[in-house]
Amino acid sequence: AQSVSQHNHHVILSEAASLELGCNYSYGGTVNLFWYVQYPGQHLQLLLKYFSGDPLVKGIKGFEAEFIKSKFSFNLRKPSVQWSDTAEYFCAVEKSSGDKLTFGTGTRLAVRP
Amino acid sequence: KAGVTQTPRYLIKTRGQQVTLSCSPISGHRSVSWYQQTPGQGLQFLFEYFSETQRNKGNFPGRFSGRQFSNSRSEMNVSTLELGDSALYLCASTKTGRRWDNEQFFGPGTRLTVL
C-alpha cells in the first residue's frame, strides 16, 4: 500500500533559521504531491502542489518544495522562518488526479521569536 | 463566499452509540472528502463523494459510512462507537475532485470524543 513518511515529528527553530522538512513516499508510479499547513486554531490549507514540470515548486508565504523522483522525496523548504510559521505541516500524495490523498503523520514546527 | 462548514463542532458519545456528522461544502463544489485526524496516525482518508456517488474509499471498517445529498451536503455515520474512534473528523471539498486544477478546501472539523 502507498505510504507517506515524514521523519521529523517535531522541529524547533529560531526565527531567521532555514527550514527543511522531509517527505518520502513509497509509490513507484506517477504521483501528485502536496504540502498542507495547519496553523493553530485554523483550517488545514494548501501550501503548494506539484503535478508536473519544474520539480522546484513555489508556494505561499515563501515556501518551496523540490520533487526528486529518484529519491521518492518532496521536501519542503523555507530560507528564513518567522514566528508566524509555527504550525503543523503535512505532506500528501495522490496516485493520479482525483484519487484519494494519502497524508503523512505531520511535522509540528515551533519557531522561537 | 462561505467556506466548508461542519456540524457539530464537538461531540461526546459513549461506546456502542452511533453518531452522524454533517458537512456543507463550498457553494458549487460537488466533491466532498472525509478524513480522520488523530495524533498518532495523522490524517487518514475515509471516503469521497461526488454527485451523490461514493468515488473513493479508504481502509476503514464498515461501521463508517457516508452519503451525499443532491445539494452536495454530505453526512458520515459511525455506528457502534469504539474508544479508538475519538478523533477530529475533517471534511474537504473541491469543485470536481481533481486537485491539480481545483484547490481542496478543508472545514474546521468535528471533534468526537468517545467515552
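So you know, we letter chains A, B, ... as the sequences are listed, proteins then strands, and number each from 1. Side chains are part of it too, since the values below use all heavy atoms of this structure and drop only hydrogens, waters and symmetry mates.
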Quiz prompt | Which portion of B/F50 sits near chain A, non-hydrogen atoms under 4.5 angstrom | solution = neither

Self-check item: chain A contact via B/Q44 - which portion, at a heavy-atom distance below 4.5 Å
Solution: neither

Practice problem: Could you look at A/Q38 and say if it's the side chain, the backbone, both or neither that has a heavy atom under 4.5 Å from chain B? | Solution: side chain

Self-check item: Side chain, backbone, both or neither of A/F34 within contact of chain B (heavy atoms, under 4.5 Å)
Solution: side chain

Practice problem: Please lay out, stage by stage, how B/L43 and B/F106 fare under the test side-chain contact (heavy atoms from CB on, under 4.5 Å). | Solution: CA-CA 12 Å; B/L43 281 94; B/F106 283 81; 4.3 Å; yes

Practice problem: Would you please say whether a donor-acceptor pair under 3.5 Å links the side chains of B/S70 and B/E52? | Solution: no

Quiz item: For B/T20 and B/N77, does a side-chain donor sit closer than 3.5 Å to a side-chain acceptor?
Solution: yes

Practice problem: Please lay out, stage by stage, how B/L11 and B/L21 fare under the test side-chain contact (heavy atoms from CB on, under 4.5 Å). | Solution: CA-CA 9 Å; B/L11 263 180; B/L21 312 181; 3.4 Å; yes

Quiz item: Based on non-hydrogen pairs under 4.5 Å, which of A/H43, A/Q6, A/H9 is most in contact with chain B?
Solution: A/H43

Practice problem: Flag the pair A/F63 / A/Y89 as yes when their ring centroid distance falls below 6.0 Å, and as no otherwise. | Solution: yes

